[in-house]
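Report on the following structure.
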Number of protein chains: 2
Amino acid sequence: MALEDEAMAANPETSVPLASNSEDISQLPEMSSIVGYVLRRAQLSVFQDFIESFTELKLRPAEFSVLNLIAQRPGQKQSEIAEQLGIKRANFVALMDGLERRGVAERRKSPEDKRSHSLHLTVEGERFISEMLSVWNAHEQRIIRRLGGEAERDKLIELLGRLSGQD
Amino acid sequence: MALEDEAMAANPETSVPLASNSEDISQLPEMSSIVGYVLRRAQLSVFQDFIESFTELKLRPAEFSVLNLIAQRPGQKQSEIAEQLGIKRANFVALMDGLERRGVAERRKSPEDKRSHSLHLTVEGERFISEMLSVWNAHEQRIIRRLGGEAERDKLIELLGRLSGQD
DNA sequence: AAATAAATGTTATGATATAAAACAATTATG
DNA sequence: CATAATTGTTTTATATCATAACATTTATTT
């Protein structure tokens, strides 16, 4: 039953060097089967679509996430938002500066704890959010279509969830 | 049938501000259901495990991939390897310099095309590869265990494959 | 063949992301 | 009250990534 397959490889595409010395090539993993690698490529591709979707609104993924979290629960402290997203609080400062400069979010000094800032949307920010969600919905639908449907999306999310955290 | 759920939210964890003004909170996606976000977190977690696994060998993901590709098919041009991995050839130079300085890979001037360099492992590089594969196998097994098994790994790879490319 | 265009590797540069250290102000704890 | 710890911030270092320009070499056009 076809044992000539690897003996004669007449195809110039696959026959070229054939691991000259030792180096058992059979032990080398195909890049397309390496979880981390495929994960990285997929993530870059999805982010690429996200970024292109948001070029007009000039919003980056991290900024989207921050605005979304503030909208979901206004009043949270800077550190809380940063930590939820895995952003170091030192790096969060510039990000928040940007959102404040654009007038979509603001810091308020908390009277109870004068160290912390609670984060809120501005009125303009609330208007912006609806625009943002519209763009995001189109993007997410595109991703779901690529996956094959909602069921596949759900399955993917489940599998990815098993990979996060638990370090 | 329990229609009091969202009316009274006595839980202090979830009842705090409740979207003071408008902002229909129901339209805001949960971060844990956003494909790009979950994808990113999972990728970081897997890379984290990879990096920790390779601290002793001092090998980064990109270097692993390059060595793996060279081992699979020695003699390929620099640009070819770079392009397969989505690395800009300008940025590939320093990476390859590093591998050459460590003595695991080398550039050879191609006599046919004196512009290009063909990439090869050194003898030391071939020894290094087997060590690298051993570390990588342990890492990959850890990832597969997190996912729940090989079947889940295969399913994940399939779904991720649908997200890559096709831009 | 000569002129022009394209490919290859390289250098240099800027933008962005990320991590760590130190600090002032404030709050919490001994 | 003295000492921790927390919070936001600034500064700095490093890694990643994209772009432009260049010299050398090869390919294509005229």
Side-chain angles (χ1 to χ4, degrees), chain A residues 36-37 39-41 43-48 50-52 54-55 58-66 70 75-101 105-120 167, chain B residues 36-37 39-41 43-48 50-52 54-55 58-66 70 75-101 105-120 167:
Chain A
Y37 179 72
L39 202 41
R40 172 88 173 127
R41 297 303 291 253
Q43 185 255 308
L44 286 176
S45 181
V46 171
F47 267 47
Q48 192 54 41
F50 183 100
I51 290 167
E52 285 167 13
F54 278 99
T55 39
K58 282 204 199 312
L59 198 71
R60 283 167 298 181
E63 296 172 324
F64 170 89
S65 300
V66 169
I70 296 178
Q76 284 180 105
K77 290 188 302 182
Q78 230 174 258
S79 302
E80 291 172 340
I81 300 277
E83 200 214 8
Q84 287 174 70
L85 297 174
I87 301 175
K88 293 273 177 320
R89 69 185 196 282
N91 297 327
F92 193 85
V93 175
L95 200 164
M96 194 59 206
D97 286 349
L99 295 177
E100 222 169 12
R101 212 176 316 115
E106 62 181 6
R107 300 178 234 230
R108 294 187 195 158
K109 292 188 167 181
S110 171
E112 312 103 32
D113 187 339
K114 282 182 287 187
R115 291 170 299 182
S116 64
H117 291 160
S118 70
L119 303 186
H120 299 264
D167 248 305
Chain B
Y37 179 73
L39 202 42
R40 171 91 173 126
R41 298 303 290 254
Q43 185 254 308
L44 286 176
S45 181
V46 170
F47 267 48
Q48 192 54 41
F50 183 100
I51 290 167
E52 285 168 12
F54 278 99
T55 39
K58 282 203 199 313
L59 198 71
R60 284 166 299 180
E63 296 172 324
F64 170 90
S65 300
V66 169
I70 296 179
Q76 283 181 104
K77 289 189 303 182
Q78 232 176 255
S79 300
E80 291 173 340
I81 300 278
E83 199 214 9
Q84 287 174 70
L85 297 174
I87 302 175
K88 293 272 176 322
R89 68 185 198 282
N91 297 326
F92 193 85
V93 175
L95 200 165
M96 194 59 206
D97 286 348
L99 295 178
E100 222 169 11
R101 213 176 314 115
E106 62 182 6
R107 299 179 235 230
R108 295 185 194 159
K109 293 187 167 181
S110 170
E112 311 104 31
D113 188 338
K114 283 182 286 188
R115 291 170 299 184
S116 64
H117 291 161
S118 69
L119 303 186
H120 299 264
D167 249 305

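We name chains A, B, ... by the order of the sequence lines, and we start the count at 1 in each one.
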Of B:Ile87, B:Leu95, B:Val93, which meets side chain to side chain contact (heavy atoms under 4.5 Å, CB included) against B:Asn91?
B:Ile87

Using whole Å, report how far NZ of B:Lys77 lies from P of C:dG9.
6 Å

To the nearest Å, how far apart are B:Met96 CE and C:dG9 C1'?
12 Å

Just confirming the chi classification of C:dA17, syn or anti, using 90° around 0 as the syn window.
anti

Pair A:Gln48, A:Glu52: side-chain N/O donor-acceptor within cut-off below 3.5 Å:
yes

Side chain to side chain donor-acceptor pair (under 3.5 Å) partner of B:Ser110, the single match among B:Lys114, B:Arg108, B:Glu112
B:Glu112

Interface limits on DNA chain D, where chain B has a heavy atom under 4.0 Å of a nucleotide atom
D:dT16 to D:dT26

Counting Watson-Crick and G-U wobble pairs only, both distances under 3.5 Å, name the nucleotide matched with C:dT27, or none.
none

Does D:dA4 have a Watson-Crick or wobble partner in any strand here, with both distances under 3.5 angstrom, and which is it?
none

Hey, could you give me the CD/CD distance between A:Gln76 and A:Gln84, rounded to the nearest 0.5 Å?
4.5 Å

Less than 4.5 Å apart, side chain to side chain, heavy atoms only: is that true for A:Gln78 and A:Arg89?
no

Heavy-atom check, side chain of A:Val66 versus side chain of A:Phe92, under 4.5 Å
yes

So which heavy atom on A:Leu85 is nearest to which on A:Ala62, and how close?
CD1-O, 4.5 Å

Within a radius of less than 6.0 Å around CD of A:Glu83, do more than 12 heavy atoms belonging to other residues, nucleotides or ligands occur?
no

In B/S/- notation (B base, S sugar-phosphate only, - none; protein heavy atoms under 4.0 Å), nucleotides 17-30 of chain C written 5' to 3' is SBBBB---BBS---

